[in-house]
Amino acid sequence: MKIRILDIAYETMADGPGLRTSIYCAGCAHHCPGCHNPQSWDFMGGREMSVQELLDIVKDDEFADVTFSGGDPLYQVEAFTELARRIKEETGKNIWCYTGFTYEEVLADERLSMILPYIDTLVEGPFILELRNTDLPFRGSSNQRIIHLK
């Protein structure tokens with residue numbers, strides 16, 4: 001199974017608590033005005049990587065937890081669910097997932113919600129430029145919520 005990836009940030013502290021390996025995927029149809037990463041909107045951007053390749057990268061750093069960001073990982077939900085399942089089973093690492101969908105939208109969609117059992121924290125909701133708040137930890141606008149699932 002392949003995932004289209006824009007970039008991987010190693011030992012970052014910007015995408016969740018502590019050190020994290022952040023996997024930035026390609027593709028987002030939300031197109032939020034003021035998005036900090038509009039280059040991630042292109043679904044054909046970046047490069048394809050296998051779930052196994054990404055898992056190997058995650059396992060290479062025994063101290064870093066994991067963040068899925070983008071783009072929006074839920075546009076590639078089947079592959080990210082497989083990656084999250086394997087990360088949990090093989091490492092037990094904490095996983096955060098950023099999405100422009102609201103938690104309610106994810107719950108209402110059987111396909112999108114398939115990832116929820118494998119992630120610890122969902123940072124949800126579209127970025128809204130008028131609600132931008134740089135004082136909030138780990139999110140860009142005040143409407144976005146951090147939902148701890150575990």
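Bear in mind that the values here come from a model prediction, so they are computed numbers and not experimental data. Residues: numbered from 1 along the sequence shown.
- Side-chain heavy atoms closer than 4.5 Å link hydrophobic residues (I, L, V, M, F, W, Y) into clusters, and following such links, possibly through other members, connects Ile119 to Met1.
- Side chain of Asn143 to main chain of Pro126: a donor-acceptor pair is present (N/O by atom type, distance under 3.5 Å, no hydrogens or angles).
- The CG atom of Asn37 sits 11.5 Å away from atom SG of Cys32, with the distance rounded to the nearest 0.5 Å.
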Could you please spell out the steps behind the side chain to side chain contact (heavy atoms under 4.5 Å, CB included) verdict for Arg4 and Lys2?
CA-CA 7 Å; Arg4 191 156 281 280; Lys2 300 281 188 176; over 6 Å; no
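- Contact annotation: the side chain of Leu19 approaches that of Met13 to within less than 4.5 Å [non-hydrogen atoms, C-beta and beyond].
- Under the 4.5 Å side-chain heavy-atom criterion for ILVMFWY residues, a single connected hydrophobic cluster contains both Met114 and Leu83.
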Set out, in order, the CA-CA distance, both residues' side-chain angles and the distance that settles side chain to side chain contact (heavy atoms under 4.5 Å, CB included) for Glu124 and Ile147, then state yes or no.
CA-CA 8 Å; Glu124 59 83 54; Ile147 312 261; 4.0 Å; yes
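- The minimum heavy-atom distance linking Cys25 with Ser40 is given by the pair O-CB, 4.1 Å.
- In the hydrophobic clustering of this structure, Phe127 does not group with Ile146; members are Ile, Leu, Val, Met, Phe, Trp, Tyr whose side-chain heavy atoms approach within less than 4.5 Å, directly or through other members.
- The hydrophobic cluster containing Ile128, built from Ile/Leu/Val/Met/Phe/Trp/Tyr side-chain heavy atoms closer than 4.5 Å, also comprises Leu131.
- Note that NZ of Lys93 and OG1 of Thr67 are 11.0 Å apart. Values are rounded to the nearest 0.5 Å.
- Side-chain atoms of Gln76 come within 3.5 Å of backbone atoms of Ala26 as a donor-acceptor pair (strictly under, hydrogens ignored).
- The minimum heavy-atom distance linking Tyr98 with Pro73 is given by the pair O-CD, 3.0 Å.
- Shortest non-hydrogen contact noted between Pro33 and Leu129 is O-CB, 3.7 Å.
- Checked for salt-bridge contact, Asp120 and Lys88 meet the test: a charged N lies under 4.0 Å from a carboxylate O.
- One hydrophobic cluster, built from ILVMFWY side chains closer than 4.5 Å, holds both Ile5 and Ile87.
- Here the OH-CG distance, from Tyr24 to Leu6, works out to 10.5 Å after rounding to the nearest 0.5 Å.
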Pair Ile23-Val58, side chain to side chain contact (heavy atoms under 4.5 Å, CB included): steps then yes or no
CA-CA 9 Å; Ile23 300 170; Val58 165; 4.2 Å; yes
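- If you chain together hydrophobic residues whose side chains sit under 4.5 Å apart, Val77 and Tyr118 never meet in one group.
- Checking Ser22 against Asp15 by side-chain atom types alone, a donor-acceptor pair falls below 3.5 Å.
- Listed by first then second residue, pairs satisfying ring pair (Phe, Tyr, Trp, His ring centres under 6.0 Å) with a partner in residues 73-96 read His30-Tyr75, Phe43-Tyr75, Phe68-Phe80, Tyr75-Phe101, Trp96-Phe138, not counting sequence neighbours.
- Heavy-atom contacts from other residues, nucleotides or ligands closer than 6.0 Å to CZ of Arg145 number more than 12.
- With Lys59 as reference, Leu55 is the one residue of Asp61, Leu55, Ile57 to meet the side-chain contact (heavy atoms from CB on, under 4.5 Å) rule.
- Side-chain atoms of Asn94 never come within 3.5 Å of backbone atoms of Asp65 as a donor-acceptor pair (strictly under, hydrogens ignored).
- Side-chain N or O atoms of Arg20 include one that pairs as donor or acceptor with a backbone N or O of Val66 at under 3.5 Å.
- The CZ atom of Arg47 sits 11.5 Å away from atom CD1 of Ile3, with the distance rounded to the nearest 0.5 Å.
- Checked against Thr81 for a side-chain contact (heavy atoms from CB on, under 4.5 Å), the options Val51, Leu116, Ile115 give a single hit: Ile115.
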Please assess Met49 against Ile8 for the test side chain to side chain contact (heavy atoms under 4.5 Å, CB included), listing each intermediate value before the final yes or no.
CA-CA 11 Å; Met49 294 182 73; Ile8 299 171; 4.0 Å; yes
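- In terms of heavy-atom proximity, Cys97 sits nearest to Leu74 at SG-CD2, 4.4 Å.
- No more than 12 heavy atoms of other residues, nucleotides or ligands lie within 6.0 Å of CD in Glu110, so this atom counts as exposed by the packing criterion.
- A salt bridge is absent between Glu89 and Arg86; no separation between the charged side-chain nitrogens and carboxylate oxygens falls under 4.0 Å.
- Contact between Val106 and Ser113 at its shortest, heavy atoms only, is O-CB, 3.2 Å.
- Glu82 CD to Gln52 CD: the interatomic distance, rounded to the nearest 0.5 Å, is 10.0 Å.
- Taking all atoms of both residues into account, the shortest heavy-atom contact from Thr102 to Glu105 is N-OE1, 2.8 Å.
- Checked by atom type and distance alone, the side chain of Lys150 pairs as donor or acceptor with a backbone atom of Pro117 at under 3.5 Å.
- In this structure, CG on Asp135 lies 11.5 Å from OG on Ser142, to the nearest 0.5 angstrom.
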